[in-house]
Peer 1: 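Please find one structure pasted underneath; my questions will follow.
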2 protein chains.
Amino acid sequence: MSIRKTRKNGTQSPEPVAGNGLLDRRVLLGRGVALAGAMTAGVGTSLTGAAAEPLEVGPWSLGPGVPVPPYGQPSKFEQKVVRTLSNPKLEPRGSAARTPHHLLNGTITPNGLHFVIARGGQTDIDPDKHRLAIHGLVKQPIVYPLDALHRYPMVSRITFVECGGNSAPLYSKEPIQASVQALHGLCSCAEWTGVRLSTLLEETGVDPAAKWFIAEGADLPTMNRSIPLAKAMDDAIIALYQNGERINPSNGYPIRLLVPGYEGNMNVKWLRRIKLVEGPVMAINETKQYTILRPDGKAWQFYFPQEVKSFITHPSPGLNMKGPGFYEISGIAFSGNGRISKVDVSADGGKSWAPAALQDPVLSKAFTRFRMAWSWDGSPVVLQSRATDEAGNVQPTRAALIAERGPPRGTPNVAAFTMEHFNAIASWGIDGKGEVSHVYA
Amino acid sequence: MSIRKTRKNGTQSPEPVAGNGLLDRRVLLGRGVALAGAMTAGVGTSLTGAAAEPLEVGPWSLGPGVPVPPYGQPSKFEQKVVRTLSNPKLEPRGSAARTPHHLLNGTITPNGLHFVIARGGQTDIDPDKHRLAIHGLVKQPIVYPLDALHRYPMVSRITFVECGGNSAPLYSKEPIQASVQALHGLCSCAEWTGVRLSTLLEETGVDPAAKWFIAEGADLPTMNRSIPLAKAMDDAIIALYQNGERINPSNGYPIRLLVPGYEGNMNVKWLRRIKLVEGPVMAINETKQYTILRPDGKAWQFYFPQEVKSFITHPSPGLNMKGPGFYEISGIAFSGNGRISKVDVSADGGKSWAPAALQDPVLSKAFTRFRMAWSWDGSPVVLQSRATDEAGNVQPTRAALIAERGPPRGTPNVAAFTMEHFNAIASWGIDGKGEVSHVYA
């Protein structure tokens with residue numbers, strides 16, 4: 001079935017609002033405002049008259065299907081929609097599993113596709129034998145079995161988690177040709193439900209000397225991080241549910257700490273212990289790892305929130321264009337400092353910008369899906385997105401970020417030590433054939 | 001590890017705000033407002049002093065885990081968290097798969113656990129061979145392949161779908177002793193993403209004579225329903241994604257119609273055809289099924305929105321109490337007519353009520369999680385929830401609904417024909433031993 005470039009109702013295209021064919025957000029409303037014009041290069045195939053039976057009947061319509069399973073799995077035709085694994089055989093090093101954002105849409109990441117960083121593989125914990133202890137500088141240390149935690153007041157929150165090392169490939173000297181999954185796949189968003197840490201600390205009481213807490217996991221490497229006590233009193237959650245069901249084993253079943261907006265590794269999985277202390281424990285993940293070395297040799301340490309970021313998922317490298325005409329440019333924006341207030345999109349490498357539509361509800365520290373109507377004339381273009389959060393932070397250009405952090409150090413095409421918290425604008429180049437590549441612009 | 005009834009800090013319990021121990025919503029905030037008092041019957045186990053190593057080390061902490069899988073599955077310890085199936089061997093009759101709400105929390109239903117009604121089993125469609133036709137009273141009929149649909153402007157919406165026959169067991173003459181899953185499991189909530197039907201109708205054009213549309217599925221029974229064209233122009237979605245990933249096969253992969261708030265069967269799965277027409281087609285599901293027979297022998301037909309409803313998931317039948325003390329009462333509320341504006345909870349069978357906390361964000365035509373703080377003294381109680389929507393509709397008592405609809409007709413304990421749109425208040429009785437049962441109160 002061919003893609004047609006023209007349609008028959010003779011309406012006019014709306015005027016572009018920025019270079020290379022970006023169209024006004026009202027085009028997206030689908031309520032008679034100019035969409036017909038935007039569809040000058042309609043993508044459906046018109047029929048000649050109203051055929052009584054315009055469709056072939058597929059074999060699936062000619063016989064019964066299969067039984068509905070107790071726990072549904074994605075279609076067998078979607079087997080490519082999986083996480084990519086850095087360590088599929090669990091050799092003695094860390095494992096990363098990346099979310100395929102270029103194959104997803106909306107804002108929720110299904111539990112099977114949520115990104116993972118695990119230093120010791122996926123820990124399979126028997127929930128009946130697992131406990132959470134809160135101790136240290138408290139008035140009354142308490143050990144909570146799982147069934148006890150389920151009696152406390154709970155809270156649900158849709159929030160993202162992002163690895164501090166997400167997007168690190170964009171720090172390399174030359175643009176790495178890879179999908180959004182490879183470049184930005186270490187972030188995901190889910191609805192988490194659990195007990196506020198502050199609720200449990202009301203019960204244990206807090207010694208006035210306590211200023212930090214250490215969160216420790218039950219995995220083999222005993223993952224631990226130091227977090228200011230103020231975060232516990234603000235919005236930290238002892239999470240028990242992920243998108244409605246109990247947390248996935250790769251994401252910390254049966255308990256993970258959730259510190260919304262903070263660096264991924266601080267959201268300690270397989271949580272077994274919260275210890276209130278006077279100062280940080282100086283764990284490997286806050287000394288050797290997850291510090292940002294500046295050009296002058298000093299380092300940023302205890303750098304918690306993930307900064308404002310956005311990237312375009314559709315189109316993106318690997319998702320090539322199917323001829324000129326109308327497209328929706330769509331992507332994800334988020335900030336560890338609050339709500340997204342604006343996402344601008346450029347189709348001319350940053351010379352001109354137009355505001356994208358933000359999908360409601362726009363939630364604090366959650367993925368926000370942005371959408372931009374676009375009429376592509378087939379010429380080479382460079383697509384970019386630039387997010388702003390409610391605190392006024394604006395996603396920097398790559399040049400500005402590197403000017404601040406210093407040039408890439410480490411092995412060719414691999415950034416080392418300076419790779420954390422890379423939140424600069426990403427650029428997708430589209431050539432005259434419609435091939436999409438990663439470019440620096 | 002025993003459950004303790006007392007704690008040591010000597011704070012006082014807050015005053016109840018309704019009968020049998022319902023507590024003020026502020027208790028839920030976990031910000032120093034009275035929770036400590038509410039926890040007079042604390043549920044954790046206090047330690048005597050701050051033990052240096054209060055936890056046993058589980059075997060999972062002593063060796064590496066397993067490799068992170070490409071597509072994660074729930075923990076092996078959660079194998080009971082599945083849909084219950086009415087027709088596991090696909091005998092020649094319909095199939096129902098019910099959501100285990102008593103084992104979930106939050107508002108999102110994972111795709112593997114979304115409820116299903118299927119007349120011909122789960123239809124496995126090859127997306128490359130599937131088409132959506134829009135024809136009938138349009139100016140230009142169009143057939144859309146899947147890859148064409150992906151170029152149109154999309155919208156995401158968190159919304160519930162509920163079978164018109166959900167909660168029908170509550171119509172039986174005696175209260176059926178079964179879990180929330182069996183009683184209320186034919187409703188679920190997900191983030192759906194796709195193209196507005198109105199967007200596609202802008203392209204096809206609409207003949208002014210068109211007043212309805214017929215949506216038809218590609219399953220063996222060729223599921224079809226008539227829907228007013230106004231719904232297409234309002235908020236109907238040609239859905240392609242469910243919670244971020246492509247729609248689950250049991251829920252209509254690769255395309256389902258979504259008509260937010262309307263009776264479940266109108267959200268036609270495996271959608272292949274939208275035909276614009278002057279009047280309804282009088283399909284089996286709008287004549288024999290899904291009409292409500294009144295006592296006077298007339299029937300309500302084309303009764304679209306699912307009315308305001310709520311039910312308590314925790315505690316609920318099968319989830320028995322673990323001794324007196326603090327609990328969170330929690331449940332789900334929703335309305336096909338908009339947002340939930342209020343949920344009241346009673347612990348004395350409707351004599352006194354207190355407003356529950358509603359979890360943000362409260363979205364139109366979506367599940368809203370409500371929560372109520374409760375101090376149970378161990379006496380027999382009857383728990384109820386009563387939802388109100390922004391249109392002012394209030395969930396009726398069972399007695400009021402039956403007075404309107406007429407007494408149960410059909411075989412004992414099975415309501416027939418009069419079972420649709422049952423949205424009355426449900427009651428859970430708790431006896432002195434903490435056993436929870438379904439009661440009529």
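Letters A, B, ... are given to chains in the order of the sequence lines, protein chains preceding strands, and every chain is numbered from 1. Just so it is clear, the model here is predicted, and its values are computed rather than measured.
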Peer 1: Rounded at 0.5 Å granularity, tell me how far OG1 in B:Thr193 sits from CG in A:Leu104.
Peer 2: 10.0 Å

Peer 1: Is there side-chain contact between A:Pro88 and B:Pro67, with heavy atoms separated by less than 4.5 Å?
Peer 2: no

Peer 1: Over all heavy atoms of both residues, which pair between A:Gly65 and B:Leu90 is shortest? Give the atoms and the distance, please.
Peer 2: O-CD2, 3.1 Å

Peer 1: Taking side chain as everything from C-beta outward and backbone as N, CA, C, O, which of these in A:Asn251 sits under 4.5 Å from a heavy atom of chain B? Side chain, backbone, both or neither.
Peer 2: neither

Peer 1: Under 4.5 Å, counting heavy-atom pairs only, tell me which of B:Pro100, B:Ala118, B:Gly63, B:Ala190 racks up the most with chain A.
Peer 2: B:Gly63

Peer 1: Who wins among A:Thr109, A:Thr107, A:Leu113, A:Val116 for the most heavy-atom pairs under 4.5 Å with chain B?
Peer 2: A:Thr107

Peer 1: In terms of heavy-atom proximity below 4.5 Å to chain B, should A:Leu85 be classed as side chain, backbone, both, or neither?
Peer 2: side chain

Peer 1: As an exercise, state the distance from CD1 of B:Ile125 to CZ of A:Phe77, rounded to the nearest 0.5 Å.
Peer 2: 9.5 Å

Peer 1: Looking at A:Asn243, A:Thr123, A:Asn105, which makes the most heavy-atom pairs under 4.5 Å with chain B?
Peer 2: A:Asn105

Peer 1: Heavy atoms only, distances under 4.5 angstrom: which of B:Pro70, B:Ala357, B:Gly121, B:Pro249 has the most pairs with chain A? Name it, please.
Peer 2: B:Pro70

Peer 1: Just give me the residue among B:Pro127, B:Gly58, B:Pro74, B:Gly112 that pairs up with chain A most often, heavy atom to heavy atom, under 4.5 Å.
Peer 2: B:Gly112

Peer 1: Does one side chain, of A:Glu78 or B:Tyr253, offer a donor that lies under 3.5 Å from an acceptor on the other?
Peer 2: yes

Peer 1: Heavy-atom distances under 4.5 Å only: say whether B:Ile158 touches chain A with side chain, backbone, both or neither.
Peer 2: side chain

Peer 1: Where on B:Asp128 is there a heavy atom nearer than 4.5 Å to chain A: the side chain, the backbone, both, or neither?
Peer 2: neither

Peer 1: Any chance you could measure B:Ser156, atom OG, to A:Gln359, atom CD, to the nearest 0.5 Å?
Peer 2: 4.5 Å

Peer 1: To the nearest 0.5 angstrom, please state how far the CG atom of B:Asn111 sits from the OH atom of A:Tyr71.
Peer 2: 8.0 Å

Peer 1: Who among A:Ala218, A:Pro221, A:Gly120 has the most heavy-atom pairs with chain B under 4.5 Å?
Peer 2: A:Ala218

Peer 1: Would you mind telling me which of A:Ser61, A:Ala96, A:Ala97 has the largest number of heavy-atom pairs within less than 4.5 Å of chain B?
Peer 2: A:Ser61

Peer 1: Less than 4.5 Å to any heavy atom of chain A: does that hold for the side chain of B:Tyr241, its backbone, both, or neither?
Peer 2: side chain

Peer 1: If we only count heavy atoms from C-beta on, is the A:Arg246 to B:Val81 side-chain gap below 4.5 Å?
Peer 2: no

Peer 1: Distance check, rounded to the nearest 0.5 Å: A:Met154 atom CE versus B:Ser330 atom OG?
Peer 2: 8.0 Å

Peer 1: Side chain, backbone, both or neither: which part of A:Ser250 has an atom under 4.5 Å from a heavy atom of chain B?
Peer 2: side chain

Peer 1: Check step by step if side chain to side chain contact (heavy atoms under 4.5 Å, CB included) holds for B:Val57 and A:Arg272.
Peer 2: CA-CA 10 Å; B:Val57 175; A:Arg272 71 173 176 191; 4.2 Å; yes

Peer 1: With respect to chain A, which residue among B:Leu62, B:Val68, B:Thr84 yields the maximal number of heavy-atom pairs within a distance under 4.5 Å?
Peer 2: B:Val68

Peer 1: Need one label for A:Glu245: side chain, backbone, both or neither, based on atoms under 4.5 Å from any heavy atom in chain B.
Peer 2: both

Peer 1: Measure A:Leu137 against the heavy atoms of chain B and call it side chain, backbone, both or neither at under 4.5 Å.
Peer 2: neither

Peer 1: Per the side-chain contact (heavy atoms from CB on, under 4.5 Å) rule, which among B:Asp219, B:Leu220, B:Asp126 passes with A:Trp60?
Peer 2: B:Asp126

Peer 1: I need the A:Ile108 CD1 to B:Ile108 CD1 distance, nearest 0.5 Å.
Peer 2: 4.5 Å

Peer 1: Quick check: closest heavy atoms across B:Gln122 and A:Pro69, and the distance to 0.1 Å?
Peer 2: OE1-CD, 3.0 Å

Peer 1: For A:Gly72 and B:Asn248, which heavy atoms make the closest approach, and how far apart are they?
Peer 2: C-ND2, 3.7 Å

Peer 1: Please find the pair of heavy atoms, one from A:Arg371 and one from B:Val155, that lie closest to each other, and give the distance.
Peer 2: NH2-C, 3.8 Å

Peer 1: Of the non-hydrogen atoms in A:Leu363 and B:Pro361, which two are nearest, and what is the gap between them?
Peer 2: CD2-CG, 3.9 Å

Peer 1: Using a 4.5 angstrom heavy-atom cutoff, name the option from A:Val82, A:Val66, A:Val138, A:Leu197 with the most pairs to chain B.
Peer 2: A:Val66

Peer 1: Could you look at A:Gln73 and say if it's the side chain, the backbone, both or neither that has a heavy atom under 4.5 Å from chain B?
Peer 2: both

